[in-house]
Amino acid sequence: MNQQSIRNLTLFDLLARSWQRPSAIAGICFSIDGSAVGFAEADGSVAIAPTVDAEPPEARIRVSADLGQTTIRPRKESPAPIISAAIRRDRGAPLATHRESGFVCGGGTGDVLSLSRSGEVECTLFRTEGPVVAVEHSPRTGIIAATDGDQLYLSRGRGAIARYGRGPGSRIEALAISPDGSRIAASYADGLSVWRLEGSAAAPREIGLPSRPRTLRWDAQGKTLACSLEGGGFGLVDLESGRVETFGDFPAPVRMLAWSGPANAVVASGAFRIAAWSMKPSPGVDDHGALVTGRPGLVLVEAVAAHPKREMVAAGYANGQVVIAQIGRRDEMPVRASGRAITALAWSPDGRHLAVGDAGGTAAIVTFPPQIFK
């Protein structure tokens, strides 16, 4: 490799372990302890990779004695093969954390499965009556939730399964358990149903929305729910007052939403730049609280992921580019220059690893040395 080609390497080339999978990456989930990451593929497989790197970037960093210039050498070896488990054939398998280092996923025949970080199906936790549409798990309470679209199933790990529903014609599309494990939200065509999970079963709280919610994301306090909307834009639901604020005028559907605790902000995909709003003032449709983040361009942001410990967000674009920006600032750090459209992004719990998935089946883990964000 000559000096010119070394200079042209991107951070992705230098820091990422990358695998080519047979189909697009539909979702990404890190284990609770951060030791493994699961890639849900569009063909129904789940690929799992450890976050431990045999050639970590800090071991490849060199500082020249004469100029003090810091460089990082490329990897000498290819990453170890990724582990894959075939879960279903009809669609991508819904995926969530389970215990400290494993995962729970939903099968095509209604099986809710426990998956180890070594890629082995450990057991069937319970079954729904139809193909599983979504799964969720609360690390706080151990509750596992799943839906086949018609009913919501809750398992508290003691064998008994509770069922909830609103009757025919009320298909559930997405689930989200609050961070403290006290509530679960389910999306319907006309809005949300929110159940309390503590104590005896009670009727859900119904919250109407302008159109069907597709993606549900709780803030860290469990007080506000961000919902991407089928009709465009997204909404913020205040669970205490029931008030709904909508954010429209997006040029494309909002596929992903992320909450930044350090920045106290919500971030959305679907625009030609990273769209972010501060939650310190009360944000609204007049753009009050909008945070100018990153650089505008001609390519849509398809995926966003907020760093768990810093006021930063990773963004993936339709042209395969991946950047990292500080929320509220225009500067960006390019990570990947190009490729197939980014379909999924996720940070590890410690913020050291960024998992990337794209429409061409690339599954990658970008490991950042501590020096890079100083």
Side-chain angles (χ1 to χ4, degrees), residues 26-27 29 31-32 38 40 44 46 85-117 119-207 213-218 222 225 239:
C29 179
S31 63
I32 293 171
V46 174
I87 302 300
R88 59 196 295 173
R89 297 181 179 180
D90 57 330
R91 53 164 282 178
L95 188 66
T97 62
H98 187 222
R99 301 195 181 102
E100 285 297 309
S101 61
F103 303 91
V104 58
C105 56
T109 58
D111 293 339
V112 179
L113 306 169
S114 174
L115 194 64
S116 73
R117 67 178 178 182
E120 298 175 350
V121 176
E122 296 179 313
C123 65
T124 297
L125 298 167
F126 59 93
R127 289 183 172 87
T128 64
E129 292 185 359
V132 180
V133 173
V135 295
E136 270 281 81
H137 169 251
S138 170
R140 287 282 186 91
T141 64
I143 290 175
I144 297 171
T147 181
D148 55 10
D150 295 325
Q151 296 186 85
L152 169 63
Y153 299 75
L154 296 178
S155 169
R156 289 178 166 84
R158 296 188 296 268
I161 307 298
R163 297 188 186 191
Y164 303 89
R166 295 199 317 177
S170 299
R171 183 168 177 80
I172 304 172
E173 296 287 346
L175 299 175
I177 299 178
S178 63
D180 64 0
S182 67
R183 289 181 286 190
I184 184 169
S187 70
Y188 292 93
D190 52 355
L192 298 172
S193 290
V194 182
W195 282 270
R196 286 201 171 272
L197 301 178
E198 300 167 328
S200 59
R205 182 178 183 182
E206 306 289 353
I207 300 172
R214 290 296 192 185
T215 302
L216 309 180
R217 293 288 183 270
W218 291 89
L225 197 60
L239 271 297

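All values below were derived from every heavy atom in this structure, side-chain atoms included, with hydrogens, water molecules and symmetry-related copies excluded.
Put simply, the side chain of F103 reaches to within 4.5 Å of the side chain of C29, judged on heavy atoms.
Taking both residues in full, the closest heavy atoms of D148 and G130 are given as OD2-N, 3.3 Å, listed atom of the first, atom of the second, then distance. Taking all atoms of both residues into account, the shortest heavy-atom contact from G165 to W195 is N-CZ2, 4.3 Å. In terms of heavy atoms, L152 sits closest to A145 at CD1-CB, 4.2 Å.
Taking CD1 from I184 and CG from L175, the interatomic distance works out to 5.0 Å, rounded to the nearest 0.5 Å. The CG atom of L154 sits 8.5 Å away from atom CD1 of I161, with the distance rounded to the nearest 0.5 Å. Interatomic distance, R171 CZ to T147 OG1, rounded to the nearest 0.5 Å: 7.5 Å. Considering CD1 of I172 and OG of S187, their distance stands at 8.0 Å, rounded to 0.5 Å.
Remark: S178 pairs with D180, S182, R183, W218 by the side-chain contact (heavy atoms from CB on, under 4.5 Å) rule, at least two apart or across chains.
One N or O on the side chain of S116 and one on the backbone of E120 form a donor-acceptor pair closer than 3.5 Å. Within the 3.5 Å criterion, the main-chain N or O of L113 finds no donor-acceptor partner in the side chain of D111.
The environment of CZ in R140 is sparse: at most 12 heavy-atom neighbours from other residues, nucleotides or ligands sit within 6.0 Å.
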Run the numbers on F126 and I144 for side chain to side chain contact (heavy atoms under 4.5 Å, CB included), then give the verdict.
CA-CA 10 Å; F126 59 93; I144 297 171; 3.8 Å; yes
Chi angles and distances behind the side chain to side chain contact (heavy atoms under 4.5 Å, CB included) call for T141, I177:
CA-CA 10 Å; T141 64; I177 299 178; 5.8 Å; no
For residues 89-102, which side-chain N or O atoms pair as donor and acceptor with protein atoms under 3.5 Å away, sequence neighbours left out?
unit_1	atom_1	unit_2	atom_2	d
D90	OD1	R88	NE	2.7
D90	OD1	R88	NH2	3.4
D90	OD2	R88	NH2	2.9
R91	NH2	V133	O	3.4
T97	OG1	H137	ND1	3.2
H98	ND1	S114	OG	3.2

